[in-house]
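For the numbers below, each heavy atom of this structure counts, side chains included, while hydrogens, waters and symmetry mates do not. Just so it is clear, the structure is predicted and the values come from calculations on it, not from any experiment. Read the numbers this way: they start at 1 and go in the same order the structure lists the ligands and their atoms.
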Amino acid sequence: MPTETLEVLEPATEQILDTIPRAGVDEVDAAVAAAKAAFPAWCAVAPADRGRLLRRVVEAMEGAHEELARLEARNAGKPIASARGEIGMAIETFRYFSGAPERPHGETIPVADGMVFTVREPLGVVGLITPWNFPLAIASWKMAPALAAGNTVVLKPAELTPLTALRFAQLALEAGLPEGVVNVVAGPGRDCGARLVAHPDVAKIAFTGSTAVGRSIAAGAADTIKRVTLELGGKSANVVFADADVAAAAAAAPWAVFDNAGQDCCARSRILVQRAAVDDFLSHLKGAVEAIKVGDPLDPSTEMGPLISAQQRATVGAFVDDRAEVAIRGRAPDGPGYWFPPTVLWPVPDDHPAVHDEIFGPVAVVVPFDTEADAIRLANDTIYGLSGSVWTRDGAKALRVARAVDAGNLSINSNSSVRVTTPFGGFKQSGYGRELGPHATDAYTEVKTIFYNTEGRS
Ligand code: NAD
């Protein structure tokens, strides 16, 4: 047992929510050993039985839905309504992938002298490293397809928000998953996460987090030629043309960036508005932003909670400097808690960090553009490529722009990015690989090609 402990804070109060054992290198090694020992039996479970066991996990999570939602709301500082939705998504993710073991995979390919068929083999022990913004939801995007494909997992949640992952591991065991199939190590990235990346018995790392850490994970994984998928940062554009329903675009824009207090990899923190519509857009946006209710995550009427930590609040605050004007500022509580009001900057110089860098907090910039070509150029003027939106009543233009923006998830007259049933992931430095959707298990398997000689000629 680890002797050191991890104090888990509640961002809305700055008080200690829980004190848990802090995992380190030894605990990672023990978890990997347990996962390795459990792998042969787990991957040999018949497909229908593996699906049945995953559906029992779904039932266990349904039974604990409110408990998990309250834990997530308190630990991550998110509104209880959002937390309920996220736990609901985690449950739906397990439900969706519980069907995967029984779906066909592999191909037959015509060749001379026999037949070739491909099968998809599980990788073995898979390491999952996740961030603090959507703790159990993002963990489930990885765990559910990995387990469905026959792998065993070691999950390292973010050290700021490990509580729902730890509770999930108990629920999975109670639901009947064999010991060692799901392992959770709660500890810092620098030792716990880094050991998982370096461990020779870990076949793959599925990572969600910042681009900087993703880069170091890809480099660290090179030593053992580990498979890696990366879901990284973003700086997504919300492109509003003058021929759009500008009122609808403005009413929706706050939730495209202030949801989860802006701590969302898909946050559309650059709102590109065609010049002729800027005044109209801002006047509608003002009412929407000022109406946002920021406060106690457990109050059912709360729409936005605090930031995750004092450090995050300082990082976000640095984007609001005297080079950019604050056009709109919402309200936030005083007193304990890492509060930050929803803030819209306009006008902003082109070289301002808020225009180019991921903010990961409730700050948005409005940037004007003139032509369709300008909008595409500005939208692509970033190292990232995760999400984006296009608002216009011209369907052909909407499709042209959606195709021209270099990002993995675009929405037209909407800001939605993530669905359990459709692929999600980034272009450029937002990462590689896709999660969710019908092909997510591909990232947790190797293709094996088998030739069966039917003609006797060797
Ligand atoms: P982070 O990169 O600091 O940490 C993510 C995880 O990596 C944590 O569990 C952390 O402990 C671990 N880690 C840190 N250093 C490590 C190391 N050297 N080796 C191994 N593991 C290490 O990210 P964060 O601050 O928790 O989350 C915010 C970032 O995540 C933002 O950039 C955001 O855009 C990104 N994100 C991306 C997606 C997506 O799907 N693309 C989703 C959510 C968040």
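- Between the Arg270 side chain and the Lys235 main chain, a donor and an acceptor come within less than 3.5 Å of each other.
- Scanning Asn133, Ile129, Leu128 for the heavy atom closest to atom 12 (C) of ligand 1 points to Ile129.
- Within the 4.0 Å heavy-atom shell around ligand 1 one finds Phe424.
- Between Glu303 and Lys293, no side-chain nitrogen of the basic residue sits less than 4.0 Å from a carboxylate oxygen of the acidic one, so the salt-bridge criterion is not met.
- Close approach of ligand 1 to Thr130 (heavy-atom distance below 4.0 Å) involves ligand atoms 6 (C), 8 (C), 9 (O).
- Of the candidates Phe207, Phe360, Phe134, Tyr384, Phe360 brings a heavy atom nearest to atom 28 (C) of ligand 1.
- Residue Ala194 approaches ligand 1 through these ligand atoms, each under 4.0 Å from one of its heavy atoms: 19 (N), 20 (C).
- Listed by number with element, the atoms of ligand 1 under 4.0 Å from a non-hydrogen atom of Glu159 are 10 (C), 11 (O).
- The list of ring-ring contact (aromatic ring centres under 6.0 Å, His included) pairs with a residue in residues 123-166, not counting sequence neighbours, reads Trp132-Phe360, Trp141-Phe424.
- Residues passing the side-chain contact (heavy atoms from CB on, under 4.5 Å) test with Asp191 are Arg22, Val25, Pro188, sequence neighbours excluded.
- Taking any N or O of Glu358, backbone or side chain, at least one lies under 3.5 Å from an N or O belonging to ligand 1.
- Taking a cutoff of 4.0 Å between a charged side-chain nitrogen and a carboxylate oxygen, Arg400 and Glu372 qualify as a salt bridge.
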